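Notes follow once the structure below has been shown.
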Amino acid sequence: MAADKDNTANISLIVDFRPRLRKLIEIEFVLDHLNFLDNDNKDLIRTKARKESNLKAVDLLIDTIIRIRPLPKGWFREFVDALSAGGCKHAATYVEDSPPCPALEAENDNCVRLIELLSPSLLGMKTTDVCWDCFSKGILTMEDREIILAECQNRGNMGGARELLRRIVRFPPGWFSTFLKALQVTEHKDLYKELTGESPGDNLIDLYSGTEEPMENGKPENSLDLSMSGCIAPAAESPPKAVIVLRDYQMDVARPALEGKNIIICLPTGSGKTRVAVYITKEHLDSRRKEGRPGKVVVLVNKVPLVEQHYSTEFWKFLKNKYKVERVSGDSQLKISFTDIVQKNDIVICTAQLLENYLERAHSGDDDGIKLSDLSLIVIDECHHTQKGGVYNHIMIRYLKQKHKNAKLKKEQKDTVAIPQILGLTASPGVGGAKKIDKAEEHILRICANLDAYKIMTGNLGENKKEPHKRIATAEERKEDPFGDVLKGVMNAIHIHAELNPTCDLGTQNYEQWVVQKEQNAAKEENQKVRVCAEHLRQYNEALYLGKTIRMWDAFSFLDKYFDEELKKKVAPEDEEAIIKTDTERFLFTLFKGNSKVKLQELAKLPQYENNSLAKLRTKILHEFTSREKARGIIFTKTRRSAIALAQWVQENSKFEEVGVKACHVIGGGGQSVVKPMTAAEQRDVLNKFQNAEINLLIATTVAEEGLDIAACNFVIRYELVTNEIAMIQARGRGRAEDSSYTLVAGEGSGVAERESVNEYREKMMSKAIDKVKKLDQEEYEKRIKEFQIQAIMEERVRTTKKKQKGMKKESPSKVKFSCRSCNKPVCSGEDVEIIENMHRVNVTPQFKELFIQRENTSLVKRLLDYETNGFIACKDCGQRWGSMMLYRGIECPCLHVKNFLVTYDEKRKNVNKWSELGIQLPAFDYAEHARSVAESSEDEESM
């Protein structure tokens, strides 16, 4: 009887810790030491591991142990010993009912999660070196080591790295610090810094020894602060039970939401909108828990960096002790279902597109999807984007459709489908380009309708309101601009050569649009002379803009680099035929590399011809840093290139250094620009340095205008930049400190100051429109809201019908032909193109391989779990780029960028910028077929 009781207790332990054991047991090694299982059962478990997965095999092992009757004497001790002998000591501690303390367990889970998040970078490690060091330090067994080294031999360095990461996380707490030391010893400084946020040697702390340590403020003394990685928030960043205290104006705007109503909270930047949302989230979950109803909150953001920001500084910080809080974005590269994350947590912060993708899955009948009825509250950050077909709007259209279906079901006395409460947050809904108050009011009402808002709530901040002092610094026009004159002279020479007659001033946005149109028309007409000339004119126009707003030297460097890159395209790799230069290309290269380059280079060195806007900016920066005890500011500028150039200008100017200016740029992460984007980690690193005063002057594009929580600034400058009233309000709101200033620096006659005045007028009109909406009788308000909602649903139905019809009309890929955009050489047809993971269009035919050359491009390198890109492909005849070379699971796949081709469809030539614009259905890439083909060709080569 005692033995039966022991067996029942031991089996209960295994069942209780099953979720942990599934992740910690390596079935292959453990089975060898389990003598109480017969060979038939072992063979079944090994087959399950080989054909399905290790997780499935562990499940079968546990099920087999539970099923065996009677269990032989001593089986439990043998099972524990087998786990230890098989390199699964951490699993053994759980089975023996001696798991780590909750704090230690949570820290260890964070470490495992960190490895998952950063695995794309870690796969680039020198696996063999790290493997041997980890083995010598005891976090890999001999069997682990042999398997990892064999993986390196058979599948390459990345395959081995993948296996190494999979195995080290199964060891008991303490493995993470050992792994860091291994990275340090093997000279992986970049990976060490990415995991810790510090360089090797900067206070390397043992994460934990595997035993409980004295705790201070709820955190082990010798634990590593994982917030250094920028990915995991610290375990004790705030007191164990952080209390949310709202100001009166914050509580006022929150009240309807606390009653379960949908609202929009409209408060200025820096006034605590997110903190109000955290409070509403807490109260929402508390009340549902009291009522015995499940609660699930999703916080939606429109930018990847905001996911981490909202998680670590707000929602996790205040709610971690009571609720499970998690964050995920499309940038995370997690090999885990988003549906599982939502199911296992109370609050999930994510990018809106991620939720939309999984809502669409559910709509399409996929079991791995998410339904709106699974959620009880959706918080929408920067909710003014809920319009014009944006992703927020797609989500809300689903909501509105269900709401109106529910009304119909209620009338028919049928069960309705649950829909979540909606909470929108914005600093400025804008006026949607309205010129009159009634149109501005309509715009506000549409946003309210799209969010199904019961009310739009604004607060009276009173003494909490912080308005920066505003001024406009206008710079006189340059009396002489010989640098710009030379550029215009070159452009006019190109106009004559190509027989072009521009209809607008050079160096303007209108000219840019005109020349782009000329290039597209010329490509369709196969007029190479005009097409190439238009391409060059576009670069000269960009240089004119840079020369007007930044330094002449920046404009010259930009052009010089462009021509160097163009010349490199015309140089063929070894053993290849020479790339032909056309007469027009020779003319254009000679025009710049001859007299023009020398003149521009000499003029760029003369300070008397620099633009006056830059002088105004210099004066303003020096004033801020000499008149304030601790100056901290942001300069907003139009383009990525100008942000980088301004940062270099500040860094190279000794006057700025003398007054203590420490500048750095921060730009966007999208890949549309020719300028290399910043990764989320790079953005985070710069913003952290700004937060910690290592940097005190941030030079940014609009990426920093909206949403990002930037340390309180005492001055904001918009340099030659005006967009709309929303951006103006967002930028101005970055000046959060007392006595802050907001300055617009603009050139005389540029129109920037005038557009700022228009934005100020629109801002006042927006405030009046919001007041009018708030004063509407509730019945009238709801009537107008319902009209807009019905209109939105009908418009969506029309769009869906058109989309379906378009899908039904999709033609055979063979009807589409692709030719080189530059030299018009026929390249391939649509039937040669396949699609990988619904994203990458590749052509792996032998015929296509003969048409391109491959070049390395270090700025293009991108590594993910299943594929990497490390070069680009270009036309063998003219050097025109066609796309990138992608290594997908060991197979080289030329990936086509459709904008680099001229597309012929039904004998009509088209300029296509996105693959989605083509109405054809491409076949999915057959990996197994191509892998077999590659293997066969390799065998043929070896036999020759």
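Predicted model only: the values in this text are computed from it and were never measured. All residue numbers refer to positions in the sequence shown, counting from 1.
By the side-chain hydrogen bond (donor to acceptor under 3.5 Å, both in side chains) test, N692 is found to be paired with no residue, residues two or more places apart in sequence or in another chain being considered. F656 pairs by the ring pair (Phe, Tyr, Trp, His ring centres under 6.0 Å) definition with W649, not counting sequence neighbours. Remark: D190 pairs with no residue by the salt bridge (charged side-chain N to carboxylate O under 4.0 Å, His left out) rule, at least two apart or across chains. Remark: E163 pairs with R166, R167 by the salt bridge (charged side-chain N to carboxylate O under 4.0 Å, His left out) rule, at least two apart or across chains. Considering only residues two or more places apart in sequence or on other chains, R46 meets the salt bridge (charged side-chain N to carboxylate O under 4.0 Å, His left out) condition with D32. By the side-chain hydrogen bond (donor to acceptor under 3.5 Å, both in side chains) test, T93 is found to be paired with no residue, residues two or more places apart in sequence or in another chain being considered. Partners of E146 by salt bridge (charged side-chain N to carboxylate O under 4.0 Å, His left out), not counting sequence neighbours: none found. The ring pair (Phe, Tyr, Trp, His ring centres under 6.0 Å) check on F135 picks up nothing, with sequence neighbours excluded. K322 pairs by the side-chain hydrogen bond (donor to acceptor under 3.5 Å, both in side chains) definition with D286, not counting sequence neighbours. Evaluation of the side-chain contact (heavy atoms from CB on, under 4.5 Å) rule for A645 yields I550, D554 as partners, not counting sequence neighbours. Scored by the side-chain hydrogen bond (donor to acceptor under 3.5 Å, both in side chains) test, T274 finds no partners at all (sequence neighbours excluded). Residues satisfying the side-chain contact (heavy atoms from CB on, under 4.5 Å) test with D685, not counting sequence neighbours, are K689.
A donor and an acceptor atom, one from each side chain of Q353 and N357, are located under 3.5 Å apart. No donor-acceptor contact under 3.5 angstrom links the side chains of T186 and D133, judged on distance only. One side chain, H310 or D381, offers a donor N or O that lies under 3.5 Å from an acceptor on the other.
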